[in-house]
Asks: 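Sharing a structure here in structure tokens format.
Computed from heavy atoms alone, side chains included, the values below leave out hydrogens, waters and symmetry copies. Letters A, B, ... mirror the listed sequences (proteins, then strands); counts begin at 1.
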Amino acid sequence: MEIPKQYNPASIEDKWYSTWMEKGLFRSVPDGRESFTVVIPPPNVTGVLHMGHMLNNTIQDVLVRRARLQGKNACWVPGTDHASIATEAKVVNKLHEQGIEKNSLSREEFLKHAWEWTDKHGGIILEQLKKLGASCDWERTKFTMDDDMNRAVTNVFIDLYKKGLVYRGVRMVNWDPKAQTALSDEEVIYRETPSRLFHVRYQIKDSDQTITIATTRPETILGDTAICVHPEDERYTSLIGKTVFVPLVNREIPIIADEYVDREFGTGALKVTPAHDVNDYNLGIKYNLPVVDVIASDGTMSAAAQLYIGRDRFDVRKQIVKDIDAAGQLDKIEDIKNNVGYSERTDAVIEPRLSMQWFVKMEVLAKPALDVVNEGKVKLHPAKFINTYKYWMENVKDWCISRQLWWGQRIPAWYDNTGDVVVAANLEGAMAEFAAKGKNVTAAEIRQDEDVVDTWFSSWLWPITVFDADAVIKNPADFNADLKYYYPTKDLVTAPEILFFWVARMIMAGMEYCGDIPFSNVYLTGIVRDKQGRKMSKSLGNSPDPIELIEKFGADGVRLGMLLTSPAGNDLPFDESMCEQGRNFSNKIWNAFRLVKGWTVEDKEPTQASREATAWFGSHLAATIAEVDDLFSKYRISEALMTLYKLTWDDFCAWYLEAVKPGFEQSIDRETFEATIGYFEDLLRLLHPFIPFISEEIWQYLREREDDNLLIVNHMPKTVAADAKLNAEFDLIREVIAAVRAFRNDKGLSPKEALRLSCKSRSASNQLPFDAVLFKLANLEAIDYVSEKPEGTLAMLVRTEEIFLPVGEISDPEAEREKLQKELTYTEGFLTSVEKKLSNERFVSNAKPEVVAMEQKKMQDAVQRIKVLKEQLEALV
RNA sequence: GGGAGUUUAGCUCAGCUGGUUCAGAGCAUCUGCCUUACAAGCAGAGGGUCACUGGUUCGAACCCAGUAAUUCCCA
């Protein structure tokens, strides 16, 4: 079989993905094994794969594939999120392009369009995940707006309402007066806009004095209910507690003091308009101020304004300034720039507006969710996020769950003509509820709340409802078999920015509805950024297309590229060159495979070098596996990968294979060959979670395999005990070999020219370890054990081993002397510092005995080195 | 404005309980090699005021305080 020199991923990846699928190897059903469950953070149903998904899902796949190889019943549940705001906005835009406006459609008509859109674009992202190699159980694919998921949302809303945890309340929303709708924060665009800052004098009651405030929105003066100053602002302390008159309408309002006020801005006195500014609203709550709502939903002045009723707020802004000036209360006008919010959709200036919304009380729910993290039942990786989590949970605010949208689960609240409200799953239920209140209301008199719930109100149930959507109304004993088996899930992989929105709430829902945590570990990824450190986004166009990357570097290459330098919680400045490194690694393994595959095997005695290398690699492999296990247990996935990368590239390819490799056109003995294949298999097992495709491909051709012997469902290497002494000895020999190579490099000698190496610090009865490997890889013709430096050699020190290599004559003795002298000076300095330390009584009495012993060893080594260096210097003369 | 984090080689990051010759790894760079698996490669080398200032300690990249830069979350 002719194997190409370069690994070509394209055909291989599709082949293995279909094989795995056909054989149902991603499928999981409950059985007697330990479960290992991961639920995907559901991506937007109509979204396309971006680099953030790539990182996130690669990590999940690594964890899942590793668990599978550890013999666990691995179950990775995929799915998508209906993403109400994002999806609705996309549908609205698409309809707009077709000349259809949302407000010309009925709710039902609009939803029909939305479903069409969802059916057309939904699931693209899941298909893309397959290209990446994601080993999800696709038969379990869920959507947050599946019927059973909707049912769960309604049931939870009703349940929380009955428990008194859902209530209606007033909240400040971003109001678009043109579209007549509330907008989410994401839909408001802030732009620096030239504005004018008007300084207006308010008359103080029973006094000749006035107080001057500065405002960019003078029309809201009519809604003022207080003036606020900083309590330590000496200009105003005497005025605190007095009252002033609102200009033009002469309403009497108090002067209050709060540290919120910025003394530097404007005049240092702030008008407080709770109905039309978020900060003012909060001040209003704090000081129990009345709310005067002077702007109507269409942006005109309301009756409460008393003046200018029905006129647009911007006309009124001009007019009121004139009127205030006429009243002699306008102090001055400044030109400034300030940030004004505009509607993303209509470009109208956003008005903060109070409106009735649904809320979830969080305090009761947050408590257990905080406890399980504090107690370490749910672990965050990296742990630094615990601080943020705690801070948020201890200061948790009620959750506004209503959204003025149509795409999503409609709020199961029903109103009669009087505005009285009941909560029920459907109209019949609502009528029954009203009847229970003693009200006789007909179906025609009842209307359902127009709003839908926040998207997170469905996804906070995700780890429960993907298995048993009706669990939220069941006792744990009645949960279905899936939920009982798979819940709690093990690892959740997600981005830190949704730690609160999603992760915290899932923990709350899990505790509330299953009485147990939803997952044991939360792995928080970083944000994928471009080289300039900017977040990757569609609008910047700085995000590479993941599918193109996969085509260029192979899925394995891209997976490595994503993981090589992305420790948990750290941002990942993405660069294609990392995928290149990943691809190169694939190629390296491929060529190791080519080498091994090309060997002819014979029944004969192994060489001494092969025996030594085989013994060492077995022991080193064992040590590395232990190290990798430890790193995984700490979720240091990048480091685990780097450890395996070095094990494969350096230890296996550069050292082991070079040591056992037969000469040109020579055969290899069976024993070494079998050991090599075995080691190669172990490497593939270890690497499979990271590079599933190439590892499976090589696995199949490394030996004759039965049809169903696939690596994906094989097992992790059986661990043996590592021999630390052996490994340390090999490290020494590596250094000796490196020294010989460096010597050659330095002296311009060809690697083909065999050298005679002499060693002083050992004897024939105490030889260097691994001398056959040394002999082969350093290309020696002999190893002599000597008591004196042989003539015509150059001495070198490797740790405490003194070795000599022949040099016809030293080409540049001066440079040699300088080098030695430099090292001698350094070592003497080092010795001095160690001696100083050891003669310090406080060190000797305070430091741990091991540390002192270590220092003594250091001192002895240094003395020895100095002695050798001095001898070498003398020999130079 | 409130809170949390980060700052170590050109880049991305390790450095765990303060103590191994502790200042590390990968990539990049430089030098020499087309050495019969691999130039997507091999061998070797250089590269750091551990952000700054002060403190604690026998001893600080690590602990404490302050300063600066920067990122994120909430407002």
Asks: When the C1' atoms of C27(B) and U36(B) are compared, how many Å lie between them, rounded to an integer?
Replies: 29 Å
Asks: Tell me: NZ of Lys384(A) to C1' of A14(B), nearest whole Å?
Replies: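 Spelled out: NZ on Lys384(A) to C1' on A14(B) is 14 Å.
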Asks: What is the separation between atom CD on Glu576(A) and atom C1' on C27(B), rounded to the nearest whole Å?
Replies: 16 Å
Asks: With sequence neighbours left out, write down each residue that passes salt bridge (Lys or Arg N to Asp or Glu O under 4.0 Å) with Asp650(A), or none if nothing qualifies.
Replies: none
Asks: Please give the distance between the P atoms of C72(B) and U67(B) as a whole number of Å.
Replies: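 One P to the other, the span is 22 Å.
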Asks: Taking atom CD of Glu394(A) as the centre, report whether more than 12 heavy atoms of other residues, nucleotides or ligands fall under 6.0 Å from it.
Replies: yes
Asks: Looking at every strand, decide which applies to Tyr391(A) at a 4.0 Å heavy-atom threshold: base, sugar-phosphate, or nothing.
Replies: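 Sugar-phosphate only.
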Asks: How far, in whole Å, is G18(B) from A65(B) if one measures between their P atoms?
Replies: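 To the nearest whole Å, 16 Å.
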Asks: Could you tell me how far apart His230(A) (NE2) and G1(B) (P) are, to the nearest whole angstrom?
Replies: 11 Å
Asks: Once you apply a heavy-atom cut-off of 4.0 Å, does Thr827(A) come out as touching a base, just sugar-phosphate, or nothing?
Replies: base
Asks: Within this structure, what is the CD1-to-P distance between Ile637(A) and C13(B), rounded to whole angstrom?
Replies: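 Atom-to-atom, Ile637(A) to C13(B), this comes out as 16 Å.
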Asks: Under 4.0 Å between any heavy atoms, over every strand shown, what does Tyr645(A) touch: base, sugar-phosphate, or nothing? Just pick one.
Replies: sugar-phosphate
Asks: Considering residues at least two apart in sequence or located in another chain, which fulfil the salt bridge (Lys or Arg N to Asp or Glu O under 4.0 Å) criterion with Glu735(A)?
Replies: Arg799(A)
Asks: Distance check, rounded to the nearest 0.5 Å: Ile498(A) atom CD1 versus Arg505(A) atom CZ?
Replies: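 Spacing of CD1 (Ile498(A)) from CZ (Arg505(A)) equals 11.0 Å.
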Asks: Please state whether the phosphate of U36(B), meaning OP1 or OP2, lies under 4.0 angstrom from any side-chain nitrogen or oxygen of Lys661(A).
Replies: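 The answer is no; no side-chain N or O of Lys661(A) sits under 4.0 Å from OP1 or OP2.
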Asks: Arg744(A) near the nucleic acid: base, sugar-phosphate alone, or nothing, with a heavy-atom cut-off under 4.0 Å?
Replies: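 Arg744(A): no heavy atom of the nucleic acid under 4.0 Å.
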Asks: Give me the distance, rounded to whole Å, that separates U6(B) from A45(B) when you measure between the C1' atoms they each carry.
Replies: 33 Å
Asks: Which protein N or O atoms sit under 3.5 Å from an N or O of nucleotides 56-61 of chain B?
Replies:
{"from": "C58(B)", "atom 1": "O2'", "to": "Asn840(A)", "atom 2": "ND2", "distance (Å)": "3.0"}

Asks: I would like to know whether Thr273(A) and Tyr281(A) meet side chain to side chain donor-acceptor pair (under 3.5 Å); could you show each step before the answer?
Replies: CA-CA 7 Å; Thr273(A) 322; Tyr281(A) 177 69; over 6 Å; no
Asks: Could you give the CG-to-C1' distance, from Leu560(A) to U12(B), as a whole number of Å?
Replies: 16 Å
Asks: Map Gln581(A) and Glu639(A) onto RNA chain B by nearest heavy atom, then report which one ends up closer to the 5' terminus.
Replies: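 The residue whose closest nucleotide sits nearer the 5' end is Glu639(A).
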Asks: Please determine, for the side chain of Phe501(A), which listed nucleotide (G5(B), C74(B), C27(B)) has the closest atom?
Replies: C74(B)
Asks: Counting N and O atoms only, with roles assigned by atom type, does the side chain of Arg559(A) sit under 3.5 Å from a partner on the main chain of Phe690(A), one being a donor and the other an acceptor?
Replies: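 A pair under 3.5 Å: yes.
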Asks: How far does NZ of Lys776(A) sit from CD1 of Ile737(A), to the nearest 0.5 angstrom?
Replies: 11.0 Å
Asks: Rounded to whole Å, how long is the line connecting atom CD of Glu855(A) with atom C1' of G19(B)?
Replies: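 Result: 7 Å.
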Asks: Give the intermediate values and the outcome of ring pair (Phe, Tyr, Trp, His ring centres under 6.0 Å) for residues Phe652(A) and Phe617(A).
Replies: CA-CA 8 Å; Phe652(A) 186 67; Phe617(A) 193 77; 5.4 Å; yes
Asks: Could you tell me how far G48(B) sits from A43(B) if I compare only their C1' atoms? Round to whole Å.
Replies: 25 Å
Asks: Would you measure the distance from the C1' atom in A60(B) across to the matching atom in A23(B) and give it in whole Å?
Replies: 13 Å
Asks: Quick check, are the ring centers of Trp460(A) and Trp399(A) under 6.0 angstrom apart?
Replies: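 Yes; Trp399(A) has its ring centre under 6.0 Å from that of Trp460(A).
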Asks: Sequence neighbours left out, what passes salt bridge (Lys or Arg N to Asp or Glu O under 4.0 Å) with Glu13(A)? Give chain and number order.
Replies: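 Salt bridge (Lys or Arg N to Asp or Glu O under 4.0 Å) list for Glu13(A), sorted by chain: empty.
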Asks: Ion pair present between Glu681(A) and Arg703(A), side-chain N to carboxylate O less than 4.0 angstrom?
Replies: yes
Asks: Check this for me, if you would: do Lys725(A) and Glu729(A) make a salt bridge, where the nitrogen-to-carboxylate-oxygen distance has to be below 4.0 angstrom?
Replies: yes
Asks: Sticking with atom P, work out how far U20(B) lies from A4(B), rounded to a whole angstrom.
Replies: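 Approximately 32 Å lies between the P atom of U20(B) and that of A4(B).
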Asks: Would you mind reading off the distance between Phe385(A) atom CZ and A4(B) atom P, rounded to a whole angstrom?
Replies: 14 Å
Asks: Is the count of non-hydrogen atoms from other residues, nucleotides or ligands lying under 6.0 Å from Glu363(A) atom CD greater than 12?
Replies: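 Open.
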Asks: Strictly under 4.0 angstrom, non-hydrogen atoms only: write out the protein contact profile of nucleotides 40-46 of chain B, one letter per nucleotide from the 5' end, B, S or -.
Replies: BSSBS--
Asks: To the nearest 0.5 Å, tell me how far Leu641(A) CG sits from Leu687(A) CG.
Replies: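 Between atom CG of Leu641(A) and atom CG of Leu687(A) there are 8.0 Å.
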Asks: Could you state the CD-P distance from Gln856(A) to G19(B), rounded to the nearest angstrom?
Replies: 19 Å
Asks: Show me, range against range, the stems involving RNA chain B, built from at least 3 consecutive Watson-Crick or G-U pairs below 3.5 Å.
Replies: B:1-7 with B:68-74, B:10-13 with B:24-27, B:29-33 with B:41-45, B:51-55 with B:63-67
Asks: Which sits closer to the 5' end of RNA chain B, Leu595(A) or Trp392(A), going by the nucleotide each is nearest to?
Replies: Leu595(A)
Asks: Got a donor-acceptor pair under 3.5 Å from the side chain of Glu658(A) to the base of A37(B)?
Replies: yes
Asks: Roughly how many Å apart are G47(B) and U31(B), using the P atom of each and rounding to a whole number?
Replies: 16 Å
